[in-house]
Amino acid sequence: MTRAARCRPRQCLLWTRTQSAATNCVVIARDPKISGAQPTIRRLEDAAINRIAAGEVVERPASAVKELVENAIDAGARQISVVVAEGGKRLIRVEDDGCGIAEDQLQLALARHATSKIDGSDLLNIHTLGFRGEALASLAAVGRLSVTSRPKGCDAAVIEAAAGTVEPVRPAASGLGTTVELRDLFFATPARLKFLRSERGEMRAVTDVVKRQAMSEPYAGFELLVEHSDARRKVFAVHAETGDPVQALSGRIQAILGKDFIENAVSVDAKRDGLHMTGFAALPTFSRGSAVHQHFFVNGRPVRDRLLIGALRAGYSDVLRRDRHAAAAIFIDCEPTLVDVNVHPSKSEVRFREPGVARGLVVSGLRHALAEAGHRSSSTIGTDVLGAFRAPPGEARVYQMDHRPGRGRAQVVEQEPQGDGGFLQDMDGVAAGRVEPVDAEDERLDFPLGAARAQFHENFILAQTRDGIILVDAHAAHERLVYERLKAQLAESGVARQALLVPEIVELGEMAAEILEHAEDLQALGLAIEPFGQGAVAVQETPAILGQVDASRLLKDIADELEAGGSCGTLRARVDAVLSRIACHGSVRTGRLMRAEEMNALLREMEATPNSGQCNHGRPTYVELKMHDVERLFGRR
């Protein structure tokens, strides 16, 4: 019997036979469409239904941890403990001191779509993290689940389930609260185990979930432990915060993201059309190489939303390099009816009723907060500079005070001053000015950027403050100052427009109507458009500052941004890019010697200009070293 004869088509599948002229072989291909005999519709068994649903809710151990921790938070827990083994594949145990589950409710708690958080009448008015009633049923379908609970004033009880089979409820010994233990995750669906990452990778995902949940609930304590044999190792722990919400949130974020983040972040607080955004955004010079330090929360729910990620990027677009990522913890609170959280079973995605309002709130709130930071730059830059000072390899460092006669061949020679080093020479070789010694009573020492003392390598300014020194990149600083000045002038007088001799017609299809709704905003940026029949617009004027413009490509880029829920930021970004280039070419060039008055004027203008802590390309414009840091370089500390 040939191989072709042995093959039999499955029910509801079409198998076709084709002859290959090249090989003279019969090829059997499967057609996935239903054909042949009339198919029969049948109801799946509950076990199969639960396993299918579990695949959406529980993708990996971190998903199970997320669901169980959310249940604990909804139960009002003030202390939550998570124990995992083998990255959560072998064991996940979540203990809390919440309200607990009554004995007569345990059986129902493991049923699909059974929940105490909503009554099902209004899916847009949800005030809890969980509401679908799928988590425990899904975990019971793919693993070995045990739920032990004791409400206040009641006895404890336990219920167990494995691969969808639920055992009767029985008495147990337990403290107040609930303990959910999940063992052998996906043992009932072993194929899913092949798609899990290594133990280290799954553990990293579990840790990330616990930290995000801890950030969302600062008034609760969290701990994460890893179990090895009979020993446990604590991976993460935070105590419950106290005080007002701002203090509690600040303390919790510092405990999770670190002291450096809080010291180099600005507070964000903005409102728009029923949405309230709070949180912390790091200074642009505190940027990161990846987006793992970006955290978003909507009504206390950790989310990963493309609209919010794009809005964060847009908020930093004017101060951050393209290859760098901002660090931020953004919290958006609103009425539950303004946001739909029932988008995906994992509840990690949301959909705002007015996405443009949410995006605009994040962009404008971030830009306002960063502008208020003024000339601030990351304090970690000074630490990085200190780390760049390293002793040369070979012999240990020997300080001058340690020299002894006859020790090696080093000698200390007293040197005479070589001319008048206090003068700066201009490009013609004429004395341009002297940086006079700063008196201790000089009030300029109290300014944030101090008083200029010297210029070296024809670009860098050395300034002195009351408790340290400042190194300024004059070109980068002046570039930002000129850029901000040009933007202010543009905002005051508007963008000059150039009329096209022949209007350019751009076909946009159904997006034409939406772009025409933003015609006034585009005109303010120098782009004048008018309707031109069905699905087309006529471009009458373009921004003069952009020179020759491909109007068709520009409008299509704007249409793509609007379709993604954004605004007319593409044109704004192009105008800003031109202004940035103008500022770069119009700034103090490296090689130009500056007088003392010029250097001090530059320092004062930096202190008064928003975003002057970084240049147009996101690099720092100055570095501050405190006296104790300088003394440490010379072994004085």
Side-chain donor-acceptor contact under 3.5 Å, Gln614 with Thr285: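 Not at all, the side chains of Gln614 and Thr285 share no donor-acceptor pair under 3.5 Å.
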Say whether, by atom type as modelled, one donor and one acceptor occur between the side chain of [X] and the main chain of [Y] under 3.5 angstrom.
X: Arg252; Y: Glu217; answer: yes
X: Glu607; Y: Leu449; answer: yes
X: Asn600; Y: Ala596; answer: yes
X: Thr609; Y: Ser612; answer: no
X: Ser250; Y: Gln247; answer: no
X: Gln294; Y: Ala326; answer: yes
X: Asn299; Y: Cys334; answer: yes

Set of side-chain contact (heavy atoms from CB on, under 4.5 Å) partners for Ala601, sequence neighbours left out: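 Applying side-chain contact (heavy atoms from CB on, under 4.5 Å) to Ala601 gives none.
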Under the ring pair (Phe, Tyr, Trp, His ring centres under 6.0 Å) test, which residues partner Phe286, sequence neighbours left out?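 In terms of ring pair (Phe, Tyr, Trp, His ring centres under 6.0 Å), with neighbours along the sequence ignored, Phe286 is linked to no residue.
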For Tyr219, give me all partners under ring pair (Phe, Tyr, Trp, His ring centres under 6.0 Å), at least two apart in sequence or on another chain.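 If we apply the ring pair (Phe, Tyr, Trp, His ring centres under 6.0 Å) test to Tyr219, skipping adjacent residues, there are no hits.
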Output yes when Asp208 and Arg304 qualify as a salt bridge under the 4.0 Å nitrogen-oxygen rule, no when they do not.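 Looking at Asp208 and Arg304, the cut-off is met.
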Closer than 4.0 angstrom, basic N to acidic O: yes or no for Glu349 and Arg351?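 Answer for the salt bridge query: no.
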Between Lys259 and Phe261, is NZ or CZ placed under 6.0 angstrom from the six-membered ring centre and within 45° of the ring axis?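 Not flagged: Lys259 not positioned over aromatic ring of Phe261.
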Considering only residues two or more places apart or on different chains, which pairs with a residue in residues 265-277 satisfy side chain to side chain donor-acceptor pair (under 3.5 Å)?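 Non-adjacent pairs meeting side chain to side chain donor-acceptor pair (under 3.5 Å): Asp269-His276, Arg272-Ser364.
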Just jot down the side chain to side chain donor-acceptor pair (under 3.5 Å) partners of Glu605, sequence neighbours excluded, or say none.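 Here the qualifying residues are Arg485.
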Residues that Asp323 engages under side chain to side chain donor-acceptor pair (under 3.5 Å), provided they are two or more places apart: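 Asp323 satisfies side chain to side chain donor-acceptor pair (under 3.5 Å) with Arg321 once adjacent residues are dropped.
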